[in-house]
Number of protein chains: 2
Amino acid sequence: METSSVLDLNQLRRSCASCALSELCLPAGIDGDDLRRLDDTIRDKRTLDRGEALFRQGGQFHALYVVRSGSLRTFVEDASGNVQVLGFHLPGELVGVDALANDHHASQAEALERSSVCELPYDRLNLLLGQMPSLQRQLMRVVSREVAAEHQHMVVMGRQPAQERMAIFLRSLSDRYARLQRDGDTLNLSMSRYDIASYLGLAVETVSRLFTRLEEAGILEVSRKAITIRRQDLLEAMCSNSGTRGGNRKGEAL
Amino acid sequence: METSSVLDLNQLRRSCASCALSELCLPAGIDGDDLRRLDDTIRDKRTLDRGEALFRQGGQFHALYVVRSGSLRTFVEDASGNVQVLGFHLPGELVGVDALANDHHASQAEALERSSVCELPYDRLNLLLGQMPSLQRQLMRVVSREVAAEHQHMVVMGRQPAQERMAIFLRSLSDRYARLQRDGDTLNLSMSRYDIASYLGLAVETVSRLFTRLEEAGILEVSRKAITIRRQDLLEAMCSNSGTRGGNRKGEAL
DNA sequence: TCGCGGCCTTGATCGAGATCAATCCGCCGG
DNA sequence: CCGGCGGATTGATCTCGATCAAGGCCGCGA
């Protein structure tokens, strides 16, 4: 059910119950009074401008965040200023988990476009977790999903050639857009080619060349940030480098 | 079936209170009655022979595990049999988290040597989490640590040259051994060169060559699986590819 | 309107590391 | 004690993608 007027949007932002994302998000499987209590621990949404940091690497941890609208990138930066993009985060996705270990953010999160997030102050959240086993379980599930996704990304970084990385990246974005009830074939990349390159462990030039190559192959239509996937089937096929190449077949390790 | 004398040994092994690892492990910061209750939910330790699977990819999830002794490797295998090693797990480390998302293991865990694990049946653990906020917090901390470690590994896989990968890997192992009150300079690699190569996203040959090169440089002493670190300082220096090379300096992304 | 500064693309060249190939070594079983 | 096998090493060559270099495109501000 679509509530149409923009007027409702502000209202929507406050209540998990009326949030279109609730089934993908922390409240999944939680309702009634429990949901109301979860709602109450969510602090006023923060709005971020493009490029604005949600939290900085090394900064004091005090809350987890769920993307509400827009998109974020997370990255780490080493002593000499080298940046590694860790991920892109769409609405419904949780960020900040890597900070619980020692109360300091191990990474930085920045808005890729004008975005809003729900802030979950950790002390309040903790209280609630103690009282709501279902929330506790759901949080673990969400975190587990994140870990599993990171494992997938290790496969990509480990031994996939550039083209496969690109294909897998685009499919992943496409799937996530589709879940958000958007068109999975029309991507509006909010991140730069540099971000994509860093995320995939490639050089910008390679990313650029791959976009052209995929366009020439009739798989994509590329116009700056606007990507249309013309042939999901071919893109899909491209994800598994079906050949022997790319190594480490079963049994080779051990 | 256990004879009574072995039973005593098991009894000893059963108790978190008397476990040397407790401070690194789930029980950290938990004591008294709570600790006893945690103890009770830990099922009989499982012992694994070298190469034996603790759980298989796709298998039904029902418990988390903490390595008790020995070491494990986790990996995923794609449709065409390609293997990507995700990590090596030493005593005190938690495995199985990626299965909570959908009740099925997204990866496989195998013993690298004769090993034992503490099994935490998830339904019982859940019960306990509801009753012990401190355990709940500690579990999240441990999981967060794992996520942060994975982020570090993405940096490695993303843009580090082979030699840096190797150095970082060895330092990480050394640190983890040291925390276990073993000598951090004497590593006894339980994994094969293939495993290391897969984990680091390199070819076996490259790993082998790096070992020889590091030995020639006087940094390591290598004798098959037995590695001695002669110059921690040089190894440390090698971890940050201090030069400009390795790209993506600050500001380049975005 | 123009010019400037990002980002992005395209082309040319280079090199780290993969792949191919040939031993070597340690271990286990007969 | 020998033979074979799987893991590890070493060497030769090749290749993918990085790097270097040179514009092009777009948006924005003067």
Side-chain angles (χ1 to χ4, degrees), chain A residues 50-51 73 82-85 112-113 156-167 189-216 220-227 241 243-254, chain B residues 50-51 73 82-83 85 112-113 156-167 189-216 220-227 238 241 243-254:
Chain A
R50 176 184 158 82
R73 75 201 248 258
N82 301 42
V83 161
Q84 172 67 43
V85 171
L112 287 165
E113 57 194 309
V156 170
M157 300 285 262
R159 307 206 43 73
Q160 299 298 315
Q163 183 169 281
E164 277 77 352
R165 298 189 190 200
M166 196 65 185
L189 303 183
S190 53
M191 69 294 287
S192 73
R193 305 280 136 118
Y194 284 90
D195 288 329
I196 299 173
S198 171
Y199 177 65
L200 296 177
L202 301 171
V204 212
E205 293 92 329
T206 305
V207 170
S208 187
R209 278 186 250 272
L210 282 170
F211 272 124
T212 4
R213 204 193 303 168
L214 290 175
E215 182 159 39
E216 280 164 4
L220 297 183
E221 214 157 290
V222 182
S223 163
R224 213 156 170 70
K225 306 246 166 197
I227 311 288
N241 67 25
T244 317
R245 199 202 163 292
N248 276 354
R249 314 202 105 255
K250 179 170 195 169
E252 266 190 7
L254 187 78
Chain B
R50 176 184 158 82
R73 75 200 247 259
N82 301 41
V83 162
V85 171
L112 286 165
E113 58 193 308
V156 171
M157 300 285 262
R159 306 205 44 72
Q160 300 298 316
Q163 183 169 282
E164 276 76 351
R165 297 188 190 201
M166 195 65 185
L189 303 183
S190 53
M191 70 293 288
S192 73
R193 304 288 197 249
Y194 285 90
D195 289 329
I196 299 174
S198 172
Y199 177 65
L200 296 178
L202 301 172
V204 212
E205 293 92 329
T206 306
V207 170
S208 188
R209 278 185 251 271
L210 283 170
F211 272 125
T212 14
R213 204 193 303 168
L214 289 175
E215 183 160 40
E216 281 164 4
L220 298 182
E221 215 156 290
V222 182
S223 164
R224 212 156 169 73
K225 305 246 166 197
I227 310 289
M238 205 168 261
N241 68 23
T244 317
R245 198 204 162 287
N248 277 354
R249 315 201 105 255
K250 180 171 193 167
E252 266 190 6
L254 188 76

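Heavy-atom basis, side chains included; hydrogens, waters and symmetry copies ignored.
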Do the side-chain N or O atoms of B/K225 get closer than 4.0 angstrom to the phosphate oxygens (OP1, OP2) of C/dG26?
-> no
Tell me whether the OP1 or OP2 atom of C/dT10 has a side-chain N or O from A/T212 closer than 4.0 Å.
-> yes
Shortest non-hydrogen contact from [X] to [Y]?
| X | Y | answer |
| --- | --- | --- |
| B/A197 | B/A203 | CB-C, 3.8 Å |
| A/F211 | A/I227 | CE2-CD1, 3.7 Å |
| B/R73 | B/V83 | NH2-CG1, 4.5 Å |
| B/L112 | B/R50 | O-NH1, 3.3 Å |

May I ask you to decide if [Y]'s main-chain N or O and [X]'s side chain share a donor-acceptor pair within less than 3.5 Å?
| X | Y | value |
| --- | --- | --- |
| A/S198 | A/V85 | yes |
| B/S223 | B/A226 | no |
| A/E113 | A/S190 | no |

In terms of side-chain heavy atoms of [X], which of [options] is nearest?
| X | options | result |
| --- | --- | --- |
| A/A203 | D/dT19, D/dG7, C/dT9 | D/dT19 |
| A/S208 | D/dG17, C/dT10, D/dA8 | C/dT10 |
| B/V222 | D/dT9, D/dA8, C/dC8 | D/dT9 |

Could you check how far [atom1] of [X] sits from [atom2] of [N], rounded to whole Å?
| X | N | atom1 | atom2 | result |
| --- | --- | --- | --- | --- |
| A/L189 | C/dC7 | CG | C1' | 14 Å |
| A/Y194 | D/dT19 | OH | C1' | 12 Å |
| B/M166 | D/dT9 | CE | C1' | 13 Å |
| B/L210 | D/dT10 | CG | C1' | 13 Å |
| B/E215 | D/dT9 | CD | P | 9 Å |
| B/L202 | C/dT19 | CG | C1' | 14 Å |
| B/D195 | D/dG6 | CG | P | 16 Å |
| B/R50 | C/dC28 | CZ | P | 10 Å |

N/O contacts under 3.5 Å, protein versus nucleotides 11-15 of chain C?
unit_1: C/dG11; atom_1: N7; unit_2: A/R209; atom_2: NH1; d: 2.8
unit_1: C/dG11; atom_1: O6; unit_2: A/R209; atom_2: NH2; d: 3.4
unit_1: C/dA12; atom_1: N6; unit_2: A/R209; atom_2: NH2; d: 3.3

Restricting to nitrogen or oxygen on both sides, can you table the protein-nucleotides 26-28 of chain D pairs closer than 3.5 Å?
none

Non-neighbouring partners of A/R213 that pass side-chain contact (heavy atoms from CB on, under 4.5 Å), sequence neighbours left out =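 A/Q163, A/L210.
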Partners of A/R165 by side-chain contact (heavy atoms from CB on, under 4.5 Å), sequence neighbours excluded?
->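 With neighbours one apart ignored, the set is A/V156, A/M157, A/Q160, A/L200, A/L202.
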Taking five pairs at each end of the helix from C/dT1-D/dA30 to C/dG30-D/dC1, what angle separates the two helix axes (nearest 10°)?
-> 30°
So how far is it from B/I196 CD1 to B/L189 CG, rounded to the nearest 0.5 Å?
->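 Output value for this atom pair is 5.0 Å.
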Nearest 0.5 Å please: distance from the CZ atom of A/R209 over to the OG1 atom of A/T212.
->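 Rounded to the nearest 0.5 Å, the CZ-OG1 separation comes to 8.0 Å.
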In chain order, what residues pass the salt bridge (Lys or Arg N to Asp or Glu O under 4.0 Å) check against B/E221, with sequence neighbours excluded?
-> B/R230
